[in-house]
Amino acid sequence: MTQHLADAHQSRIIDQFSRQAIPFTQIPGHYDAMQVLIEMSRVTKEDLVLDVACGPGMVACEFARHAHHVTGIDITPAMIEQAEKRQQEQNLENVSWQIGTATPLPFADGSFSLVLTRYSYHHLLAPTEALAEMIRVCRPGGRVLVADVAIESSKSATYDRLEILRDPSHTHALTREEFSALFLNSGLQECRQSGYGVDIELEAQLKASFPKPGDEEIIRKMVTEDVGVDSIGINARVGDHRIVYTVPIAVYVGTKS
Amino acid sequence: MALSPDLIAILVCPQCKGKLDLEANEAAFVCPACRLRYPVREGIPVMLVDEAEPTS
């Protein structure tokens, strides 16, 4: 990957998430299964937490209720503005925010006891390096948690095609095998895995997305024609006269030795 | 809002991972090794190498 391509990709992320800053927080599905993250992370009141690519701060603010302190970092200033607003609305004082990248992270080695990220890996160009950075800033004995889409390998290419049309900052959703290999080869110990599905209504998702002109109809057609076929791996179906689908999310956590 | 001492203690230069100095008015973090200045905008440190300003 040349620097030029990396810079162009970074611009696509900021562009998409500046537009998504408000709609993203308004999708009810994004509140689902927070409890899975709380339980998998085993967060306690002693924890210093880092939320990488924190977006509008949903996870960071929820973890702030269970942890000593949470730091959220995101590359998109509009997302950090939303995160600050959420923090103020919830009267949370144990949260701070930075603007910065996932690779590299601007923190000293071993700064946190719990380092997590949700729904970011499918935007990354180098997930292995990102996980290595998360592990670097985690102290020995601390936990590193990643939650993201995990698609069946036979359906991965079609899913990526759909998502890149919907959100040009999408890169690649890890397959379940890639996700497992990422953690197993990371040096993290006592790795655990869980998962859940996020139910999404197609039209609501399209309203919250910013595809290129003309691509919206292609996305609608792809998902609608996948009902009963499931070549995309999202179980597209008709429910209450609407097209709905379920994005499979994997949650991996490991301990730094 | 003043920056938290805990945050000041753990922030490093994203380029060299070296220690940063905080300007007296908390307007920016400075990396003496890279000669880069990372601005603090409305209390939020902007830790991006691309947006850092060279120091003289």
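Proteins get letters first, then strands, A, B, ... in listed order; numbering begins at 1 in each.
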Report summary line: Cut-off 4.5 Å, heavy atoms of chain B, and the answer for L105(A) is backbone
How close do [X] and [Y] get, counting heavy atoms only, and between which atoms?
X: P14(B); Y: P104(A); answer: O-CG, 3.1 Å
X: E42(B); Y: E84(A); answer: O-OE2, 4.3 Å
X: L11(B); Y: F107(A); answer: CD2-CE2, 3.6 Å

Report summary line: Distance col, row Q98(A):CD vs I10(B):CD1, nearest 0.5 angstrom, shows 7.0 Å
Assess whether atom [atom1] of [X] is packed by more than 12 heavy atoms of other residues, nucleotides or ligands within 6.0 Å.
X: R42(A); atom1: CZ; value: no
X: K212(A); atom1: NZ; value: no
X: H66(A); atom1: NE2; value: yes
X: R35(B); atom1: CZ; value: no

**Report entry** Partner of T101(A) under side chain to side chain contact (heavy atoms under 4.5 Å, CB included), chosen from V49(B), D50(B), L48(B)
**Finding:** L48(B)
Query - Leading residue by heavy atom contact count with chain A [cutoff under 4.5 Å; candidates K19(B), K17(B), E51(B), R41(B)] - result: K17(B)
Query - chain A contact via L7(B) - which portion, at a heavy-atom distance below 4.5 Å - result: side chain
Report task. Side-chain contact test, heavy atoms from C-beta onward, threshold under 4.5 Å: evaluate it for I44(B) versus E81(A) and give yes or no. Result -> no
Report summary line: Most contact-rich option vs chain B, by heavy-atom pairs under 4.5 angstrom, among G100(A), P77(A), P106(A), S96(A), is P106(A)
